[in-house]
Amino acid sequence: MMGTIRSRVTAALAALLISAGAGAFFASAPAYGSGGSDNPNNTGYWENQYAAHDAVCYKYGDSTSPNAHGGIVQDGDGKWSGVQLNAYQASWPGDHWEVLIVNGGPNGDAVYEHPSAGTTYSTPGENAQGKKYDVSHLIVCKGTTPPVDVCANIDGSQETVPDGMIREGDNCVTPPPPPVNYCDVSEKPGGVSVAAWLENNGIDPATCFNYEPVQQCGAFDMSITQSPVGISYGFQYAVGADQDTVYPGLDFPATFDEDEGGGSVQITVWMVGGESDYVRGTDIPNLWDNNGQTFTVNTDCAPPPPVVEQCPTYSSVHTTDLATWDLSETRATGHNELVEGALKVWTEGATSTDKAAGYYATDFPLKNLGTETIAQMLDYTADFGIAPGLQLVVDFDNNGTPDSILVGEAVYGNSWWAANSSAQFVKDGSPNTGGGYGSSWYGTANEWLGAFPDARVKAIGYSVGSGVHASGAINQITIGCTEYTFGTPVLVETTPAKPTWVDPCGLDNGNWEYTDTDEYYYEVTENKNGSQTIKVYAKDGYVFPDGAKTQWTKKDSGELCPVEDPKVEYTTWVDEKWACDDTTTTQTRTKTTTTYVWDEDTPGYVVDTVNKTEESRERDLTEQEIFACPDDGNDVGTPKNDWLPAEQNPGAPWGLWAMAGLVAAAVGVGGGALFATRRRSEG
């Protein structure tokens, strides 16, 4: 309590001194003298530091009274650790805040150059509790922006480069005249020929031209990339070399028929047009000196026919589940079955329902079919009857839709024949037509590719029948740089996790807890006697080890949950008001008692009743609370504990008399006591 009383009296005396005439912060004249220029605690030091801006500096103590310049402000911890400046006024010397030096605590000065109005600038560093220090003193300086001079070689100050001049280093100079463009006829002086003008100035006319031959198979052109300004000219050509006297003047571009001239044609190129002085006697081919330039143009341009390319590598597709194949074309008495290392295919007779067929979706250009023969593409072991025919489902015009099926049977050599269901444009574009090859439209893979170079294979497959009685095993199909093999599924052995029976207290709430995996899954069934049976099943590709348990049965125990005890809760004790001569006060609080009842629907215990009652008790007032009661003639009030906490120990009795004496002294000096609530900390 004594620390609080003393801080109040100290604040009160400080307030009395301020009201008696001590210099306020940011008064029109400095509160302290400027002092020497070698001590940063003096204004002269900082005026020296910022002499280039004509700094005028002021030093102030820690008074919190604001002025036109700004004021000291509190931070969130209640410390007077910040300074805020007001907007700079036009009537003040200079034109901006130059620097603000804030001093406080053991870390010396915090220096803020060109501070902004309204921004809080704090003392440097923090104490051990992480709090800023109070302001001890501050120095603020006003400054004047020096004039800008961009031209050091011209008298006076120039903020911008004068018109017609350029800046070189720190000087402003007149730029040199632009260079003459000797490739621009309009810059030639009158009365002088182009040839003399160029020769007198040492200019090679060829530097004004740049051209580039553009040669393609069956065509030739001259691309002009640079030319003189103000003249008109172009290139022309004549067919053949050594055109000494005859100039037919054919215009570019030059184009030639396929294989014209037996595969190549020679042409001679000249430049034609005005201003021959630019080109006469130079390396540029020109008509005036008849020094044309000869080029050979290739006319053998037709690309070679496309061919099926040899496979650089092979990928692999191993089938252990025929669900990845489309077997929809297999008929009632046709069969496909995976066996160890092969695909078994057979028919039961020679009727229209005897057909076994399968297709595997893919997508590759026909040119990537592979160079194997049809016989090499199918590795087949026959039991009896003919071998299956290979199938290519082809999108001939590459529009995303299949147009035909090409069938490959070794009996027809290496020719693929098109099914009768093929699109008409496929039949019309067939490389060969006629009989003897499975259908009237046939050709080798290279011939089909030559007729339809953009063709793509959308599926590959096999077919036995219809109407064919046969049986055998497909060991491998090699098509499109992919090897298709077959076999029975390889099952991976896995052990299922045992499910957990969970039976908390209450009726009919027992249940199985389990987790399905990529290898197995569970199913739960309710039995007539109320029990639950759970079974675990292996997914495709997995198998349980012999003897593994796969079924469990449990029944709910029906055990009731224990009785829930009532819950009792209290609020905190609250004081009632007391009179100034009271030595005790009454406290009250609320008691809440909650009871519970069993609910079968939940199931579980739910709230039954909630009963609230009020309780009271008496407690003695502390000496601080009795002392804090105001003596204003009002018999009833609340304790004045805004500046004297109830829990604070008042100390020895003499402390009260000492405080009273200090208050009386303060009243006697200033005509009235002023108690400030802010406490300074040297922290």
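Note that the structure is predicted; figures quoted are calculated from it, not measured. Every heavy atom of this structure was used, including side-chain atoms; hydrogens, water molecules and symmetry mates were not.
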With heavy-atom distances below 4.5 Å as the criterion, would you say the side chains of [X] and [Y] are in contact?
X    : Y    : value
H335 : E348 : yes
N336 : F486 : no
K498 : K549 : no
V536 : Y521 : no
K367 : P306 : no
T478 : Y314 : yes
W197 : V192 : yes

Kindly check if the number of other-residue, nucleotide or ligand heavy atoms within 6.0 Å of [atom1] ([X]) is above 12?
X    : atom1 : value
Q310 : CD    : no
Q226 : CD    : yes
Q376 : CD    : yes
E340 : CD    : no

Is there a donor-acceptor contact under 3.5 Å linking the side chains of [X] and [Y]?
X    : Y    : result
S531 : T553 : no
Y182 : D204 : no
N298 : S264 : no
T533 : N527 : yes
T433 : S440 : no

I'd like to know if D383 and K344 make a salt bridge, using a cut-off of under 4.0 Å between side-chain N and carboxylate O.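 Yes.
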
Minimum-distance pair of heavy atoms, taken over all atoms of [X] and [Y]:
X    : Y    : result
T207 : I203 : OG1-CG2, 4.2 Å
I405 : Q391 : CG2-OE1, 3.5 Å
N475 : T381 : ND2-OG1, 3.0 Å
W501 : D503 : NE1-CB, 3.5 Å
P402 : V393 : CB-CG1, 3.6 Å
L327 : Y462 : CD2-OH, 4.0 Å

Subject >> Test side chain to side chain contact (heavy atoms under 4.5 Å, CB included) applied to Y484 and V317, I474, D379, the passing residue >> reply: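 The side chain to side chain contact (heavy atoms under 4.5 Å, CB included) with Y484 is passed solely by V317 among V317, I474, D379.
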
Donor-acceptor pair, [X] side chain versus [Y] backbone, under 3.5 Å?
X    : Y    : result
D289 : N291 : no
E447 : S415 : no
T319 : D321 : no
D556 : N509 : yes
D354 : G349 : yes
T494 : Y520 : no
E187 : N181 : yes
T333 : T347 : no

Q) Given L343 and V345, is the side chain to side chain contact (heavy atoms under 4.5 Å, CB included) satisfied, shown in steps? A) CA-CA 6 Å; L343 171 61; V345 293; 4.1 Å; yes

Between V407 and L390, is a side chain to side chain contact (heavy atoms under 4.5 Å, CB included) present by the stated rule, with each step listed? CA-CA 6 Å; V407 180; L390 295 176; over 6 Å; no

Measure from NZ or CZ of K427 to the centre of the six-membered ring of W441 and say whether it is under 6.0 Å with the direction within 45° of the ring axis.
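So K427 does make the cation-pi contact.
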
Identified salt bridge (charged side-chain N to carboxylate O under 4.0 Å, His left out) partner of K458 from the options D326, D403, D363:
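Answer to the salt bridge (charged side-chain N to carboxylate O under 4.0 Å, His left out) test with K458 among D326, D403, D363: D363.
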
Run the ring pair (Phe, Tyr, Trp, His ring centres under 6.0 Å) test on W448 and Y442 for me, step by step, so that the C-alpha distance in whole Å, both residues' side-chain angles and the decisive distance to 0.1 Å come before the verdict.
CA-CA 8 Å; W448 281 108; Y442 62 92; 8.6 Å; no

Give the ring-plane orientation class for F209 versus Y233, where under 30° counts as parallel, over 60° as perpendicular and anything between as tilted.
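Ring orientation of F209 relative to Y233: perpendicular.
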
Do the ring planes of F425 and F452 sit parallel (below 30°), tilted (30 to 60°) or perpendicular (above 60°)?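 Plane angle over 60°, so perpendicular.
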
_Ring center gap for F235 and F252 short of 6.0 angstrom_ =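 Not under 6.0 Å, so no.
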
Ring centres under 6.0 angstrom apart (F295, F220):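 Yes; F220 has its ring centre under 6.0 Å from that of F295.
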
Evaluate the criterion ring pair (Phe, Tyr, Trp, His ring centres under 6.0 Å) for residue pair Y537 and F544; output intermediate values, then yes/no.
CA-CA 9 Å; Y537 301 91; F544 296 144; 8.5 Å; no

Test Y437 against W417 for ring pair (Phe, Tyr, Trp, His ring centres under 6.0 Å), laying out the working first. CA-CA 6 Å; Y437 286 91; W417 54 270; over 10 Å; no

